[in-house]
Every structure is written in structure tokens, then in C-alpha cells.
> 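Below: one structure in C-alpha cells.
In what follows, every chain begins at residue 1, and chains take the letters A, B, ... in the order their sequences are listed.
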2 protein chains.
Amino acid sequence: MSRENKTMYTLLGLLMYSPLTGYEIKRSIENSIKHFWQESYGQIYPTLKKLVDLEFAVVQVEKVDGKPDRKLYSITEKGRVEFINWLKKPIEKIPIHKDELLLKIFYGQNLTVEENIEQIVQYQDKMEDFLDTLNSTEEYLVTRRKKDPNFDYWMLTLSHGQLIVKATIQWCEESIEKLLKK
Amino acid sequence: MSRENKTMYTLLGLLMYSPLTGYEIKRSIENSIKHFWQESYGQIYPTLKKLVDLEFAVVQVEKVDGKPDRKLYSITEKGRVEFINWLKKPIEKIPIHKDELLLKIFYGQNLTVEENIEQIVQYQDKMEDFLDTLNSTEEYLVTRRKKDPNFDYWMLTLSHGQLIVKATIQWCEESIEKLLKK
DNA sequence: TACTACATGTAAACGGTTACATGATTGC
DNA sequence: GCAATCATGTAACCGTTTACATGTAGTA
């Protein structure tokens, strides 16, 4: 079973809006899909090269004084077809995400009840911080990006994050309760 | 920042209960933490070797006619200390799990509303199947393992899975609703 | 006859992060 | 003077999966 490279589709998806440089792609990911998707330069630049090799994108090199060349990547028709085909394809299997907290809780019998509660409390704190940043993003989208044709889809990914994080916080509270009764 | 090898701690945690072979470890993972943690033989066997190198475990080789040697690994005192120290350490940062469905939904404007709904419907189906297997596991634990000292902690990891999957199904339903109104 | 369970392991490749290297400009 | 932003990229390494190799015993 060959593994498909999702980084490629992430970049193609961004290039569907407009041509971008590697640097701009990184920034773009940082303030849009960051809460469920990340890419490093170590992935972005080689993938951009691959996109050109496969004729899914073309480069325009702009010379700039004293700076490295600015390489602007544009998606080709072939790239658009490839991207749309990927988009339509259903997700084959739900992925199992490795969860370090659960691994520690699974082995919880090796610690005291108090130590386990402490672990969960600290995790819950981090989840509440995360919920705050998601809520800030929502406010930004609603006040500044409501007219964008993508707005509804962006909001769907956000509400997913909010629901999951809230469920996790709820689990933390319930679990602490249960452990206190031991 | 050096990356810690969680596979090592996964194996040490299992060896805390009793000595095991690589094969038994694989099986053990398959019917306990499978819903949030997986390890392949390509990870297990080399890690077992490493555990012995670091003196966190010792091997006992049992010769068996016509079969490969059975290598039984036991945790050492040094290994127990290492494991407990890891268990106590708080989770530093919540990991961002890459989510292919959300990536596709984020780019949803490139498809029709119906195509996006179809994508979510199919995902929801898979989530409902997953919930069924989690519920079966719960039934098994409650009817067959209630006396085990680890029972409460095992149930916590299970209820986490159930809550998250239910939240995801809820998100699917709400999202389909929202898309139908477009 | 074929599949499953038992039991070991390796090699290649993939996917991803981190650290490094370079250097101009702008603003505090 | 220092940090941030713009802008390119590579190399080393880590973590993980997949496919391969080997072979017996029991069962459907």
C-alpha cells in the first residue's frame, strides 16, 4: 500500500487561491489550519520542488537586490485536476492518534491517585488555553472574514476543534471526580 | 530538544505487569491500548534490544524445538525507576494531530455542497463503527475484568475514546445540517 | 488445502522535525 | 544594538510502516 503524501495536497490547496512563495505558504498555514495541520520548511521546500517535477506547479523566479530570489509558485491545470481528485476521494480509514496522556493514565496504577489527578489537572489547564486561542480565532473570522467565500468551511474546521477540546475538558473533569472517589 | 522515545515506555509499562516476549507485547497492545496507541514489530523488536542495552530489561532465551527461540523479557529495577519517573513527568505540550478530514473540509469551497456532505456522511459511518467497537470493549472489561486493580484506569482511557468519538459524530451531524442550509 | 497462531527479526522507504547556514531591511 | 520579518534552502536524525524472510503446528 503506497502512502500518499498529504503535504503535497496541503500546498496545492493553498495554491488554488493564489500563487505563493514557500515562505508565504508557511505563514499562511500558521494563521489558518495551524490548529489541525502543520508543515515545516523541511517539508515545504522539497515538496514545492516535487510539485514542479510532477508539473502540478510552475515557478517564476523574481530577482531581488541583496535578498535570495523570490520563487513564486503557481498551480497548473494538471495540478488543479490532481487536487480536486484528492479532495473528492473519501477518507479510507480513521487514523489512531497516539495519545501520551492516555498512555500514562493506562499505566496509572503505578502511581498514587493524587499523582494521576495532578497529571490530568495540568493537562486540563493546557486544554483550556487551547480553547481560548480557538475562541480568539473564531472572533477574528467572524468580525474580519465573514464575506470570504470560504468562511463557512473555515468555521466548520474551527467548530470541530472547539467541540473536541470541550469534550476533552469534560473528560478531565469527570475523570478527576472519579479518581477522587477512589 | 531531544525527542524521547515513547515506544520504550510503552514496552516498559507492559513489562511492569509481567515478563513478555516481543510477540506477546504486540498481542497485548492489540487488545488493550489499540484504540489510542499502536506499535509495529519494526518498532518492538529493536526497542526490546535497546532496553537490554540500557539495562532496563533482561532476556531469558528459551529453546523450543522447531520454532525460533522464545525470548522472554523482564524489567529490571533500573527499568522500573526509569518508567516511574517518566510516568510522573507532566505532558509538556498538547500535540496537534493532523486531520485529513478537516484538511479536505477546509478546502471545501472547491467542491459542491453535496460532495462535502457526502464526505462527512462517510466519515460519520466510520466513526459509528468505531464507537461500536469501543462499546464492545467496555462490555468485555465490565463483565470480565472488573476485579483487576487496573480496571479503573483502563476504563478512563476507554471513556475518553467514547467521549471524543461521540463529539465527532455530533460535529458531523451539525456540519451536515449547516451545509444543507447553504 | 489453506489459514491462523506462534515466533523471530531486518531493510527500505517514508514522513517529519530540528538545527544550521546566509543575509538584507525595518522598527524599537 | 537587537529583534523581527523577509526569504531561501539542506543535512542529520528520529519515528514509523511495510514488505520481506523463515518455519512449525493445529484446525477448519
> For A:Leu11 and A:Leu51, run side-chain contact (heavy atoms from CB on, under 4.5 Å): C-alpha distance rounded to whole Å, both residues' side-chain angles, the deciding distance at 0.1 Å, then the answer.
CA-CA 9 Å; A:Leu11 304 199; A:Leu51 246 35; 4.1 Å; yes

> How close or far is atom C1' of C:dC14 from atom CD of A:Glu39, stated in whole angstroms?
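Atom-to-atom, A:Glu39 to C:dC14, this comes out as 14 Å.
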
> From D:dG9, D:dT17, C:dT18, pick the nucleotide closest to the side chain of A:Ser40?
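Output: C:dT18.
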
> Starting the side chain at C-beta, find the nucleotide from C:dG16, C:dG9, D:dT8 nearest to A:Gln43.
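Nearest to the side-chain atoms of A:Gln43, counting from C-beta on, is C:dG16.
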
> Should A:Lys26 and A:Glu30 count as an ion pair when the cut-off is N to O under 4.0 Å?
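The answer is yes: the pair qualifies as a salt bridge.
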
> Can you check whether B:Lys49 has a side-chain N or O nearer than 4.0 Å to OP1 or OP2 of C:dG9?
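Answer is no, no contact under 4.0 Å.
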
> Rounded to whole Å, please give me the gap between NZ in A:Lys50 and P in D:dT10.
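In whole Å, D:dT10 P and A:Lys50 NZ are 15 Å from each other.
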
> Examine the side chains of A:Glu115 and A:Gln119 and answer whether a donor and an acceptor come within less than 3.5 Å of each other.
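There is no such pair between these side chains.
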
> Indicate the atoms forming the closest heavy-atom contact of A:Ser74 with A:Gln60, along with that distance.
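A:Ser74 and A:Gln60 have their closest heavy atoms at OG-OE1, 4.2 Å.
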
> For DNA chain D, find the residues of residues 24-33 of chain A with a heavy-atom distance under 4.0 Å and give them by number; none if there aren't any.
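Contacting residues: A:Arg27.
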
> Please give, in whole Å, the distance from D:dG15 C1' to B:Tyr9 OH?
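Interatomic distance, OH of B:Tyr9 to C1' of D:dG15: 15 Å.
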
> Return the value, rounded to whole Å, for the distance between atom NZ of B:Lys63 and atom C1' of C:dT8.
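In whole Å, C:dT8 C1' lies 13 Å from B:Lys63 NZ.
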
> Between C:dA7 atom P and B:Glu62 atom CD, what is the distance in whole Å?
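These atoms are roughly 9 Å apart.
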
> Quick one: label B:Lys6 by what it contacts on the DNA or RNA (base, sugar-phosphate, nothing), any heavy atom closer than 4.0 Å.
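Result for B:Lys6 = nothing.
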
> Tell me whether the rings of B:Phe106 and A:Trp154 are parallel (<30°), tilted (30 to 60°) or perpendicular (>60°).
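The arrangement is parallel - the two ring planes meet at less than 30°.
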
> Would you say C:dG15 has OP1 or OP2 under 4.0 Å from some side-chain N or O of A:Thr7?
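Indeed not, no polar side-chain atom of A:Thr7 lies that close.
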
> Under 4.0 Å between a side-chain N/O of A:Thr21 and OP1 or OP2 of D:dT8, yes or no?
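So the side chain of A:Thr21 is within the cut-off, an N or O lying under 4.0 Å from OP1 or OP2 of D:dT8.
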
> Do B:Glu39 and B:Thr7 have side-chain N/O donor and acceptor atoms under 3.5 Å apart?
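Result is yes, a qualifying pair exists.
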
> Check the distance between C:dT10's P and B:Leu48's CG and give it to me in whole angstrom.
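It is 11 Å, rounded to the nearest whole Å.
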
> In terms of the nearest nucleotide of DNA chain C, which residue is placed more toward the 5' end: B:Gly22 or B:Lys98?
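Closest to the 5' end, via its nearest nucleotide, is B:Gly22.
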
> Tell me whether the OP1 or OP2 atom of D:dT8 has a side-chain N or O from A:Tyr23 closer than 4.0 Å.
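So the side-chain polar atoms of A:Tyr23 never come under 4.0 Å of the phosphate oxygens OP1 or OP2 of D:dT8.
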
> Mind listing the closest non-hydrogen atom pair of A:Lys93 and B:Lys126 along with its distance?
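Distance-wise, the nearest heavy atoms are CA-CD, 4.5 Å.
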
> Look at the side chain of B:Arg70 and the base of C:dT8, then say whether one donor and one acceptor between them are separated by less than 3.5 Å.
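Looking at the base of C:dT8, it does not pair with any donor or acceptor on the side chain of B:Arg70 (distance under 3.5 Å).
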
> Given atom CD1 of A:Ile44 and atom P of D:dC6, what is their separation to the nearest angstrom?
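Computing the A:Ile44:CD1 to D:dC6:P distance gives 14 Å.
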
> Out of D:dT18, D:dT8, D:dT17, which has the shortest distance to the side chain of B:Gln38?
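Out of D:dT18, D:dT8, D:dT17, the nucleotide with an atom closest to B:Gln38's side chain is D:dT17.
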
> Using a cut-off of strictly less than 4.0 Å, decide whether B:Tyr41 has a side-chain nitrogen or oxygen near OP1 or OP2 of C:dG9.
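So the side-chain polar atoms of B:Tyr41 never come under 4.0 Å of the phosphate oxygens OP1 or OP2 of C:dG9.
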
> Take the protein atom CG of B:Leu20 and the nucleotide atom P of C:dA7, then report the distance between them rounded to whole Å.
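Atom-to-atom, B:Leu20 to C:dA7, this comes out as 11 Å.
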
> Test salt bridge (Lys or Arg N to Asp or Glu O under 4.0 Å) on B:Asp148 and B:Arg145 and set out the steps.
CA-CA 6 Å; B:Asp148 196 295; B:Arg145 298 294 209 110; 3.5 Å; yes

